[in-house]
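Values in this document were obtained by computation on a predicted structure and should not be read as measured data. The chains referred to below are lettered A, B, ... by the order of the sequence lines, with proteins before strands, and numbering in each begins at 1.
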2 protein chains.
Amino acid sequence: MSTKDRRQREMAHREHLFLKAAREVIQQQGLLNLQMSKVAERCDYAVGTLYQHFQSKEDLLVALAGDEIQERVQAFQRVRAWKAPTRDRMLGFAVADMVLAQRFPELFRLQQFAFTEVIWDAAPLSRRQASMAAYAPLRESCEAVVDEAEACGDLDLRGLNKSQVCLAPWSLVVGMHAIVHNEGVADRSTSQEPYRLLLRHCSALLNGLGWRPLCDETDHAALDRLALTVCEEVLHEKWLPCLACRC
Amino acid sequence: MSTKDRRQREMAHREHLFLKAAREVIQQQGLLNLQMSKVAERCDYAVGTLYQHFQSKEDLLVALAGDEIQERVQAFQRVRAWKAPTRDRMLGFAVADMVLAQRFPELFRLQQFAFTEVIWDAAPLSRRQASMAAYAPLRESCEAVVDEAEACGDLDLRGLNKSQVCLAPWSLVVGMHAIVHNEGVADRSTSQEPYRLLLRHCSALLNGLGWRPLCDETDHAALDRLALTVCEEVLHEKWLPCLACRC
DNA sequence: AGGGATTTTGAATCAGATTCAAAATTCGGA
DNA sequence: TCCGAATTTTGAATCTGATTCAAAATCCCT
């Protein structure tokens, strides 16, 4: 039945509209000022229609977090497919993450918020599952590189599974984001260049995990070169000089 | 003027009352159901009185996060003063963190929430500063151990300052919390024992940072022994068998 | 074109945070 | 001890913004 199909398509299209509008409101006015009525109005729909798509504000937030992931998924897939040593690619994930965090800081904070118990638990199960599913490819990309690394002898898993290995750099990245975004926890004077530092620590961690070739993580120049390469050649993003600092 | 003093004291006392009540509401009914009126009622005060202490709900939340830190500060100070190699103490911080996270999971989530842009930015500056200040001793404890490690030759800073070094394990811990608390990001089957894994990764990270004596991070028995020791002898906490799993 | 089904609308409702004028209490002095 | 000014407490009223739902509009099929 083609009528139904069209409806379906229109529905999907409008859902996109709403998500885009919500994103815009957040970017322009901050997460703090996101209101359901603003989102609806911006699309020239009534609030009620918005509620046809999202059961609640929390639902919308979680949907947004899941949707926003897609860009990251693509970036991660590029890194995964990059012709480079497994170790560089693993670091590349961190670079990708930080580049995107830099480009869409508001949306990055949104994520932090959406994963908060208060929001997450208030969203309907189906939505949570959908958002979780949207995350899966990220993990897959990471795990694929771990697999390769093991296969080509760059890495011994030493009793862990690939997923557990991934958790290490992943935690480091997530933690660093959380800390940096709350400017102050690590005081400003302390780490002027948190992301450069993150890369260095990641490198140290990979050394600790025995990921060959072991590198000198104090070689800033090499890390900067890697970041630049990933950014421009793999992600095709403009290099943000800011990446090195916190401006 | 002693009248004023008394007032001051009463004020402080009541602030504690309110904070305690808020904590209880959160533990019993979840962060989701925290309402200003409930907190006031539980203390037999009118809402207006509560608002004499906290400008807004966000203010209360941030205050709570700052207050809740104290327990952690004490734990960290114990670990810092523990007679053990610097490396063990650094891992000890992670153990302390996870023990407390296990004991007060609700309050741990509160923290995550309070540091969210939406909440944090809505709290008055003075409160944010106070909460930040409450965190400072945590950092100091960590940094003190780094200092000692450097002094006794366990660690070369290799161009970093102590604060930057601390950021590495700290990020790992924060990130792991964030991931584990959102059960699902790392799928359940993947890491049955996230905290044991965390400790192993921390150990690997310290190896990567060149923190002597370098250890075999795959030696589970040793890590478990360390965790148990920190828990019982340093923190005087009962050992929670659950710590090793995710029940 | 007609009329039942579906969708959209937005004013009304509801929840809960926040305010503030009135009531209560405290305080210092007579 | 009593009085009136100053301070504090109170909680009903207000306000904000999410959510609902009955009516209006639109769609779809015959």
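A search for side chain to side chain contact (heavy atoms under 4.5 Å, CB included) contacts involving Arg128(A) returns Trp120(A), Ala123(A), Leu125(A), not counting sequence neighbours. With sequence neighbours excluded, the residues forming a side chain to side chain contact (heavy atoms under 4.5 Å, CB included) with Gln112(B) are Ala178(B), His181(B), listed by chain and number. Applying the side chain to side chain contact (heavy atoms under 4.5 Å, CB included) rule to Gln77(B) yields the partners Val73(B), Pro137(B), Ser141(B); only residues at least two apart in sequence or on another chain are considered.
Note: Leu172(B) CG to Leu198(B) CG = 5.5 Å, rounded to the nearest 0.5 Å. Taken to the nearest 0.5 Å, the CE atom of Met90(B) stands 9.5 Å off from the SG atom of Cys202(B). Residue His201(B) holds its NE2 atom at 5.5 Å from CG of Leu167(A), rounded to the nearest 0.5 Å.
Between Trp170(A) and Phe76(A), the angle of the ring planes goes over 60°, which puts this pair in the perpendicular group of the 30/60° scheme. Using cut-offs of 30° and 60° for the angle between ring planes, the His177(A) and Phe108(A) rings count as tilted.
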Extract from the structure each pairing of a protein N or O with an N or O of nucleotides 15-18 of chain C at less than 3.5 Å, listing the distance.
| unit_1 | atom_1 | unit_2 | atom_2 | d |
| --- | --- | --- | --- | --- |
| dA17(C) | OP1 | Lys57(B) | NZ | 3.0 |
| dA17(C) | OP2 | Met36(B) | N | 3.1 |
| dT18(C) | OP2 | Tyr51(B) | OH | 2.5 |
| dT18(C) | OP2 | Lys57(B) | N | 2.9 |
| dT18(C) | O5' | Tyr51(B) | OH | 3.3 |

List, with names and distances, any nitrogen or oxygen atoms from the protein found under 3.5 Å away from nitrogen or oxygen atoms belonging to nucleotides 22-25 of chain D.
none

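Following rounding to the nearest Å, Gln8(B) (CD) and dT8(D) (C1') show an atom-to-atom distance of 15 Å. If you take NE2 of His53(A) and P of dT7(C), they are 10 Å apart, rounded to a whole angstrom. At whole-Å resolution of the value, CD in Gln52(B) and C1' in dA24(C) are 14 Å apart. With rounding to whole Å, Leu50(A) atom CG is found 16 Å from dT7(C) atom P.
When the side-chain nitrogen and oxygen atoms of Thr49(A) are compared with OP1 and OP2 of dT8(C), none of them lie within a distance under 4.0 Å.
A salt bridge links Glu15(A) to Arg127(A): at least one charged side-chain nitrogen sits closer than 4.0 Å to a carboxylate oxygen. Electrostatic pairing of Glu71(A) and Arg103(A) counts as a salt bridge here, judged by a charged N lying under 4.0 Å from a carboxylate O. Between Glu24(B) and Arg42(B) a salt bridge is recorded (basic side-chain N to carboxylate O distance below 4.0 Å).
Within residues 10-19 of chain A, no residue has any heavy atom closer than 4.0 Å to DNA chain D.
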